[in-house]
Trainee: 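Before anything else, here's the structure in question.
Numbering of ligands and ligand atoms starts at 1, following listing order.
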Amino acid sequence: MEGSIMRIKSMSFMVAVVFSIVCIISAVAQASEPPKYVFLFIGDGMGTAQRMAAEEFLKHQGKEGLLMNTFPAYGMSTTYQNDRFITDSAAAATAQATGVKTNGGYISVDPEFNPVETIAEKAKKKGMNVGIVSSVSIDHATPACFYAHQKSRNMYHEIDMDLVNSGFDYFAGGGFKDPEGKKSKKPQGNAFEVAKTNGYTIAVGKEAFMVLNKDSGKVIAYNDRLDRSKALPYIIDTVETDITLTEFTQKGIELLDNPNGFFMMVEGGKIDWSCHANDAATAIQDTLEFDRALKAAYDFYQVHPEETLIVVTGDHETGGLTLGFAGTRYDSFFDVLKVQKVSYDVFSGEIFKGYKEGLEGKANFEDVVPLLKEYFGLEIAGEGNLVLKDYELQALRDSYIQSLAGAKINTGTADYLLYGGYDPFTVQITHIFNQKAGLGWTSYSHTGVPVSISAIGVGAETFNGFYDNTDIGKKIMEIMGFEFKVAALN
Ligand SMILES: [Zn+2]
């Protein structure tokens, strides 16, 4: 009797073991099937503090937090480059696009200048469609590292030529910085002409953009209103006729979708720029837009959950943003950040510039006070969070004098610590305004703190843990079934 019970028990144990093995095998078989659709979202300069600032900004208004912070896999990565602890965007994007550690400024070449194949190029070779989207110029360091191989990120003409000869299917967002080779030692013709010869449809502005469809073939699309660096306007400055990062992403998904799958990289590039300038409200608005673009990919994922991978990361942190400030001690006032109406860039380059031009010799600080109220809600009298303290008012007066004097501010000086390379009055305003929200900045450059990565979909669990930034590229390649080897392109 006891023996038969033992036998039944051991049989059921065997059944359970066999069942478990079958489950494991089928899970492995499923996991070894590479995803058909792969999205890599890179928030430039989007460290953990930037993600959390945007999250809290939403939650303080009673809204849901960021979509990117809800993904099931969550990790952190180092960001250092080969020849320096604090990375630039070129070395960081090379690490993420190729799995190779390189020097600052290098565009998908190793430290010996050997070109290294990118995830996007591998995807194209495999027959997938490839899309590259960015809110800054499409030849800027981060997007360039997916299709170009150059010794310097500043070789915009050479990068433009690599772009139009890449054979990739969709380039969208900002414009080209040197299509004609005006700043090149060896101009190679007009990149737009070469693009047309290579079969690209070039769509400029919202009207031309909205009518793009699957019959448009390979596409280069950019907004007609670009800043002086050929980037999209900041979201805080965007108008109805501008094309947003979200729209560029949605259209990309529509155009790239095909039975062989696609790889798409989407960069939120101006999170970085606004953090260089220590402007948190502008950075948060661009982070929210980046998260809305991510939602477009997430909607697609929900239709194809077994075939899609989405990875979201930063490339490094910018500005040394932190969520806390000596003056506000344990308090945070994220709501304050809603008050700001324009980016630091529009304030210094248009509003304050216009004000200065209208001065006609008299420069009373009192005259500029209405602008502080109108664009940042800062007041010199009254009650509430945005009333300026005496020392804040003094700091603003000092910076105002510096701005009107127009003196060049050199690195290594006390003034550089105060204002960086920016308009002194504007940067002092954003400093004080951010401090009132309980936020602090330590730098006008990048910092070396690790960044957060989150992921959802096929192989997402691989992104749990702490790893190097080159592992992001290697992990994606492994999941996509590509071989990672450090070898020169042929
Ligand atoms: Zn930067």
Trainee: How are the rings of Phe171 and Tyr147 set to each other: parallel, tilted or perpendicular (split at 30° and 60°)?
Mentor: perpendicular
Trainee: Above 12 or not: heavy atoms from other molecules or residues under 6.0 Å from NZ of Lys122?
Mentor: yes
Trainee: Does His316 bring an N, O or S atom to under 2.8 Å of the Zn ion (ligand 1)?
Mentor: no
Trainee: Distance check below 2.8 Å: does Asp272 bring an N, O or S atom to the Zn ion (ligand 1)?
Mentor: yes
Trainee: Parallel, tilted or perpendicular: which fits the ring planes of Phe352 and Phe425, with parallel below 30° and perpendicular above 60°?
Mentor: tilted
Trainee: Checking only N/O/S atoms, does His446 have one that is under 2.8 Å from the Zn ion (ligand 1)?
Mentor: yes
Trainee: Do NZ/NE/NH1/NH2 and the carboxylate oxygens of Arg228 and Asp345 come within less than 4.0 Å?
Mentor: yes
